[in-house]
Protein chains: 2
Amino acid sequence: MISPDRGGLRTGEVAEQAGVNVQTLRYYERRGLLTEPARSNGGHRLYPPDTVALLNVIKAAQRLGFTLDEVAELLDTGRRRHPAPDLRQRAVEKIAEIDQRIADLTTIRGALTEVVDARCDSLTNCTCADCPIPFLTIGRPDGEPT
Amino acid sequence: MISPDRGGLRTGEVAEQAGVNVQTLRYYERRGLLTEPARSNGGHRLYPPDTVALLNVIKAAQRLGFTLDEVAELLDTGRRRHPAPDLRQRAVEKIAEIDQRIADLTTIRGALTEVVDARCDSLTNCTCADCPIPFLTIGRPDGEPT
DNA sequence: GGTAAGCCTGTACCTGGGTACCGGATGCAA
DNA sequence: TTGCATCCGGTACCCAGGTACAGGCTTACC
């Protein structure tokens, strides 16, 4: 089952091999993650074979918490052969972001635990003693009382 | 500066006291978080005074990580005077969700640390020895190789 | 050359939590 | 009664990351 060489992979082939929707390929092209591929005489896209690997890299970067804009930028600086301590720099920043998110979630978790421990039974008319709900000040923008 | 009693608070008053946009009140009404208030002869909404407190409760619940749909449901079961061990139950489930999110973030953090430690310099053409990027299998749906 | 699968562009839609704008009606104080 | 602030309903828009559909063209295979 050797596929015929037409000078590149077709959208459907790339999409299937990368485990991605066909529409997503065109979406990534619009977003600048994929450069515009060659075309057949009839106007069909013909992707270079390493496109599949590139898509896997993109998916890996997404799993690392980078947004598509960030991935596009990283790929772009890579293409331009910048001096590029860029990736490490970005990774360090991402780690800080993640630490912050974990800290926030931990705070919220603590508040939820309080709600459970106090045996709150209602958001608005909780009958439990020392109900913590009115005092939930997590991340409240101002210190105003409830 | 005693405001005249017209049988309820106007949207602008509620919005200001709750620190919320006026549009948000109508949005919450559509979403079922606020019941439809009484109206003036001219059709203007007149909210009962405890609406401000209710909005604070909603905001607190949001900060705990509940979606608006979940808050609406919790308020609804509260209104219907269900037996309602509901809130506790939901809180316990939320805690489990949060634990999962923290675990995911921790995994990602580990992978990012690897990238930083290995001194990766490019997403696609990293020149570092033992580059971990191709092996980033975090949360990959299938075990297929990169 | 026929036919079906695949691809093309363009546009609209989805989730979640709102925000903004429009033209017209109301509320309220002077 | 006049004038201005506020409110009304309806609709469109924002973010991110896609997905879906319509109507028409190309490619591939027999």
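Note that this is a predicted model, so its numbers are computed, not measured. Numbered from 1 within each chain, the chains take letters A, B, ... in sequence-line order.
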Chemist: Provide, to the nearest angstrom, the distance between the CG atom belonging to Leu25(A) and the P atom belonging to dG6(C).
Modeler: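 Interatomic distance, CG of Leu25(A) to P of dG6(C): 15 Å.
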Chemist: Among residues two or more places apart or on two chains, list those pairs meeting salt bridge (Lys or Arg N to Asp or Glu O under 4.0 Å) that have a residue in residues 38-52 of chain B.
Modeler: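 Only Glu29(B)-Arg45(B) qualify under salt bridge (Lys or Arg N to Asp or Glu O under 4.0 Å).
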Chemist: If you measure from CG on Leu112(A) to CZ on Phe66(B), what distance do you get to the nearest 0.5 Å?
Modeler: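 If I round to the nearest 0.5 Å, the distance is 5.5 Å.
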Chemist: Nearest whole Å is fine: how far is dG17(D) P from Ile58(A) CD1?
Modeler: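 Result: 12 Å.
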Chemist: To the nearest Å, how far apart are Asn41(B) CG and dC28(C) C1'?
Modeler: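 These atoms are roughly 14 Å apart.
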Chemist: Check whether any side-chain heavy atom of Ser40(B) lies under 4.5 Å from a side-chain heavy atom of Leu46(B), and answer yes or no.
Modeler: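 Heavy-atom side-chain distance check passes, below 4.5 Å.
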Chemist: Between protein and nucleotides 2-5 of chain C, what N or O pairs are separated by less than 3.5 Å?
Modeler:
none

Chemist: A side-chain contact here means heavy atoms from C-beta on lying under 4.5 Å apart; do Leu25(A) and Leu55(A) qualify?
Modeler: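 Touching, per the 4.5 Å side-chain cut-off.
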Chemist: Heavy-atom count around Glu93(B) CD within 6.0 Å, excluding the residue itself: above 12?
Modeler: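 Count over threshold, so yes.
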Chemist: Starting at CD of Glu16(B) and ending at P of dA5(D), how long is that distance when rounded to a whole Å?
Modeler: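 In whole Å, dA5(D) P lies 16 Å from Glu16(B) CD.
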Chemist: Would you say that Leu54(B) contacts Leu75(B) through its side chain, given a criterion of any heavy-atom pair below 4.5 Å between the two side chains?
Modeler: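 Side chain of Leu54(B) against side chain of Leu75(B), heavy atoms only: contact under 4.5 Å found.
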Chemist: Reading nucleotides 8-20 of chain C 5' to 3', which nucleotides get B (base under 4.0 Å from a protein heavy atom), which S (sugar-phosphate only), which -?
Modeler: SBB------BBBB
Chemist: Does one side chain, of Glu13(A) or Gln17(A), offer a donor that lies under 3.5 Å from an acceptor on the other?
Modeler: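 Absent: no donor and acceptor within the cut-off.
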Chemist: Do the side-chain N or O atoms of Arg10(B) get closer than 4.0 angstrom to the phosphate oxygens (OP1, OP2) of dT6(D)?
Modeler: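 No, no such contact exists.
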Chemist: Among Glu73(B), Glu97(B), Glu70(B), find the one that has a salt bridge (charged side-chain N to carboxylate O under 4.0 Å, His left out) with Arg90(B).
Modeler: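 Result: among Glu73(B), Glu97(B), Glu70(B), Glu73(B) is the only option passing the salt bridge (charged side-chain N to carboxylate O under 4.0 Å, His left out) with Arg90(B).
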